[in-house]
Amino acid sequence: MENNTQSLFAAQSLESPCALAAALAPHAAAGHFDELRGRVSEGPAPAEAVASQQPPALRAAGSTAQPPATQAERPAATDDTLSPDWTRFFNFLGTDGFYDLNHRTANLRRQIRDNGVTYNVYADANGPQRPWALDLFPMMVSAADWAQIETGIQQRARLLDRVMADIYGPQELLSKGLLPSALVHAHPGYLRGMQGVQPAGGTYLHIAAFDIAHGPDGRWSVVSQRTQAPSGLGYLLENRLTISLLFPEAFREMKVERLAASYKALVDGLKAMSPVDSNEESRVVLLTPGPYNETYFEHAYLARFLGLTLVEGSDLLVRDDKLYLKTLRGLERVHGLLKRLDDEFLDPLELRSDSTLGVPGLLQVIRAGNVLVVNTPGSAFLESSALLGFLPALSEHLLGETLALPSLATWWCGEQAVMQDVLGQLKNAVIKPTYPGTGMESVIGHTLSRRALDEWAGRIVRRGEDFTVQAYLPLPQTPTWQGERISPRSAMLRVFAVADGNGSWQVLPGGLARLAGKNENMSSMQHGGSSADVWVLGNSSAARATAEASATPRAEQPAAWTAAPLRHRPPVTSRAAENLFWLGRYTERAENSTRLAQITLQCLGGEDQTSEPLLAWLTSMAVGNALVLDTVPPATHARRVFERALIANLADTEQAASVGYNLRALKSAASAVRERLSQEQWHMIVRTETDFFQRCSVFSAVSPTQTQSQGGQSQSQSQSQYLLEYSSVEALRALESASGFLSAMTGAQTDRMTRDDGWRLLSVGRLIERLNTLAGALARGFETGSVFEEGGFNAMVALFDSTITFHAQYQQRRDIPALLDLLVLDRDNPRSLGWVVQTLRGRLAKLAGSAPGDMPDLAMELPDPGSWALADLCQEAQAHAGDGEHEGGEQHDGQLVQLLEQCCDAALDLSDTLSRRYFSHAASASQSLGA
């Protein structure tokens, strides 16, 4: 698509950056607050707020709507002058910077894609996941506005914690009529099994999220709140990392407040409040529903950033009213659980019996006070929109304070007088469900016809307690970059409060801005909305922290600088270990299949393409490694058909387990342990798969059966044959590119991962795959006699990735003793069988459960390379050479064949034993961790 950006800006080239931005940005819709210009847009609102027409009964119900600001406070939009904050932003960008915005947008999307940042979109019918949507421009919050927000959110977090403590304690709010019993006891999120339970640490809520927005009068109001498992803490970090790199000068000079301190306070608070014995170290884990959850990326991202172990329900079990984690070293106590799934799935024994995501018996552990769960189960009733209308009175009663940050005017229709008064105002309101699970979505009154409004009024009259009415708020509109112009989008700001363990709350200086689509006024990521980074400007928090630190006497500050740091060794869960094991196997398998496909295509088109032993070996290896199906004619009978079938199957992920299948399986295994992989590693895995399938797109869709037709071909079939006829060069290019990516991937696994048991199992998986593949290849080489011919000899050395080493050590010798010495016995060659077995033994000796200095039983099952003798191996090789053409597939029982068969069998047996001992824990009944 042609980029007309430069021509668009040419007419404005003499203007200031702010004037240029104003020219490119239309005003916000009438009645919406214009974030770019810092004032309400001219004209009446699309629908008048209910708050402006409140009857007396509604005001008595606890509405907190404030009168609109005066003209002196909020001037009308009489010109295109930008707000001071956006003026500074565009001045740092400069006029020339507008030419680069499309390029920055492309970089943003590339980084989101490469980092694998995804989110499940319910409105997307094309698939369960899409890349995370992030806009280029941040949302600005001034220091003055943030001071008000921070104070109000801290107060609300304290209030909600006090409300929950009362509801699961004395229930004075219900007995005094300050809160209707139906909003608690009728809510499915109220857990009767938690009544009277005092949570570990004494705090019910540790993380709370609040959705707030600028009203047309420029004041901030709370629209909703989330307490069960609020999402966004990981996404906002990714947003910040991405956007700050795209606008580094503006980010630095505008003194945007940092986020890291709040996350540290959260982790420190969880550890401080968790029930730990005096001789234990607090262990906090993050519970995820698994890789198929819509926010799984965030779970893995948060676990890595916070230094927590990412676990699924199957990784945990209950013993003696305590929670344990299944690890390679056995059961390890868990003291804190940061959950990222709804309460109803937590415990199949007491809640949803069909849940496979939770932990049986978890609620009993909570009741016993032996685990800290964040947030304490049973907080879902706090998320009801109906509760907002009662919070002003609850704040006065529980805190003795007026709410510093008002709620959007809200009324619960379960009270007859309120319901009657609000029925006539539905046109100017939003109708919301009081309780979750009804399948109802919010309905904006002014979008409905008269008949539809009457139908909704009838529903409310029949079951008023099921509905809550909230004042319609024209959401503020923030600027977004849309390719060649600035476009306003409706936005909602989600801010987070976290408990720091000292009885106080910290508010993350920023948040997650959720943007509605074009011509929409409802911001929802679940329905395909977008997001933006949030910049809190100024440095007020940092200044306060610095002042407090400087006011602390020197003697009272921590002085243990010389003490050795307490190093936390995160456990390796059995599930993570299994995925790492298969990540290693699929990485090695992808390398082997890529190298074998390269060698096969090169030999089929090279000087030795008529060698029957070589073609027989290539056929046997290709079929054995699933590069072609066993129904394809062998290369000895139909060389070109065999070649075309191999090329067509390279990217096949359904019928043949070829290169594309292994790359996809590699990515799947890696996605399950993303918290253990760096962004660079994940980026490399994603790029490898994407690049390979793109390169194979020319021939991957061509069926190899099309090439076997002898006559009557259609034009499309002829074209398919033409593509395959000349695609070997393209296939080799795709394989060469994949080989380069896989080499980088191997380097990352070798040099950029901590040497714990998880890494050892990854390495063991690679070595098992290498031992089985290379030993089998060498055995087939002798069986077919290909190693006794020059072409087959060279192909074998190439498959072992030892061509350069062989030429350096043996020059042009091509005798069997040299081959066996390098590929079997050489302990310095990482591709020789001797090196693989020796290294496997070393890895197994350091696995969990192995006594220091003793060779474990797993290693003893492997052949001992110290007992291998070149003379014995060469003697049998000579016997093979004397068989001539090896017709009839005669088998020899000498030491070489036995050794190679022993290596293959040992590799497969070791894989099964590792699975029973470390992954399924089924080695013996006494060791079972899943009972």
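For reference, positions follow the sequence shown, starting with 1.
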### Nearest non-hydrogen partners of Leu287 and Gly313, listed with the distance
CD1-N, 3.6 Å
### Query
Counting distance only, does the side-chain N/O of Asp320 pair as donor-acceptor with the main-chain N or O of Lys322 below 3.5 Å?
no
### Message
Is the distance from the ring center of Phe806 to that of Phe800 below 6.0 Å?
### Response
no
### Query
How long is the gap from OG1 on Thr309 to CZ on Arg304, to the nearest 0.5 Å?
13.5 Å
### Task
For the pair Tyr296 and His299, name the ring-plane relationship: parallel under 30°, tilted 30 to 60°, perpendicular over 60°.
perpendicular
### Query
Taking side chain as C-beta onward, heavy atoms only, is Met273 less than 4.5 Å from His206?
yes
### Query
Sub-3.5 Å donor-acceptor pair from the side chain of Asn579 to the main-chain atoms of Arg575, do we have one?
yes
### Task
Return yes if a side-chain donor-acceptor contact under 3.5 Å exists between Ser802 and Arg831, otherwise no.
no
### Message
One pair to check against salt bridge (charged side-chain N to carboxylate O under 4.0 Å, His left out): Arg917 and Asp857. What are the steps and the verdict?
### Response
CA-CA 12 Å; Arg917 180 172 300 186; Asp857 58 331; 2.8 Å; yes
### Query
Can you say whether the rings of Phe581 and Phe919 are parallel (under 30°), tilted (30 to 60°) or perpendicular (over 60°)?
tilted
### Summary
Contacts of Asp277 meeting side-chain contact (heavy atoms from CB on, under 4.5 Å) (sequence neighbours excluded), chain-then-number -> Asn279, Glu280, Arg333
### Query
Does Asp347 reach the main-chain N or O of Leu363 with its side chain, forming a donor-acceptor pair under 3.5 Å?
yes
### Task
Indicate yes or no: at least one non-hydrogen side-chain atom of Phe305 is less than 4.5 angstrom from one of Glu238.
no
### Message
For Met745 versus Ile685, what's the shortest heavy-atom pair and its separation?
### Response
SD-CG1, 3.9 Å
### Message
Let me confirm one number: the OG1-CG distance from Thr594 to Leu663, rounded to the nearest 0.5 Å.
### Response
6.0 Å
### Query
Which of these passes side chain to side chain contact (heavy atoms under 4.5 Å, CB included) with Trp868: Leu820, Leu896, Val837?
Val837
### Minimum side-chain heavy-atom gap Thr690-Val686 below 4.5 Å
yes
### Query
If we ignore angles and hydrogens, is there a donor and acceptor under 3.5 Å between the side chains of Asn625 and Thr773?
no
### Query
OG1/Thr573 to CG/Asp315 distance, rounded to the nearest 0.5 angstrom?
4.5 Å
### Message
Side chains of Thr288 and Arg340 only: does a donor on one sit below 3.5 Å from an acceptor on the other?
### Response
no
### Message
To the closest 0.5 Å, what do you measure between CG (Leu778) and SG (Cys903)?
### Response
9.5 Å
### Message
Regarding Thr295 and Ser231, do their side chains bring together a donor and an acceptor under 3.5 Å, going by distance alone?
### Response
no
### Query
With a 4.5 Å heavy-atom cut-off, do Leu337 and Val284 have their side chains touching?
no
### Query
Counting N and O atoms only, with roles assigned by atom type, does the side chain of Ser574 sit under 3.5 Å from a partner on the main chain of Tyr918, one being a donor and the other an acceptor?
yes
### Nearest heavy atoms of Thr688 and Phe741, plus distance in Å
OG1-CB, 3.1 Å
#### Entry: salt bridge (charged side-chain N to carboxylate O under 4.0 Å, His left out) partners of residues 357-376, not counting sequence neighbours, each pair once
Glu350-Arg367
### Message
Between Arg766 and Glu591, does the salt bridge (charged side-chain N to carboxylate O under 4.0 Å, His left out) criterion hold? Intermediate values first, please.
### Response
CA-CA 10 Å; Arg766 294 201 61 151; Glu591 281 197 64; 2.4 Å; yes
### Message
I want to check something: taking the side chain as every heavy atom from C-beta on, are Leu858 and Thr913 in contact at a cut-off of under 4.5 Å?
### Response
yes
### Query
In Å, rounded to the nearest 0.5 Å, how long is the span from CG of Leu580 to CZ of Arg760?
12.5 Å
### Task
State, with a plain yes or no, whether a side-chain heavy atom of Val659 is found less than 4.5 Å away from one of Leu735.
yes
### Asp801 vs Arg595 side-chain heavy atoms within contact, under 4.5 Å
yes
### Message
Give me the atom names and distance for the closest heavy-atom approach of Arg283 to Glu332.
### Response
NH2-OE1, 2.9 Å
### Query
If you look at every heavy atom in Leu799 and Asn592, which pair is closest and at what distance?
CD1-O, 4.5 Å
### Query
What distance separates Trp835 CH2 from Leu825 CG, expressed to the nearest 0.5 Å?
16.0 Å
### Query
Taking atom types as modelled and ignoring hydrogens, do the side chains of Glu578 and Ser915 form a donor-acceptor contact shorter than 3.5 angstrom?
no
### Query
Looking at side-chain heavy atoms only, is the closest gap between Thr587 and Leu762 below 4.5 Å?
no
### salt bridge (charged side-chain N to carboxylate O under 4.0 Å, His left out) pairs, two or more places apart, involving residues 668-684
Arg676-Asp756
### Summary
Between Leu316 and Lys326 the two heavy atoms that sit nearest each other are O-CE, 4.4 Å
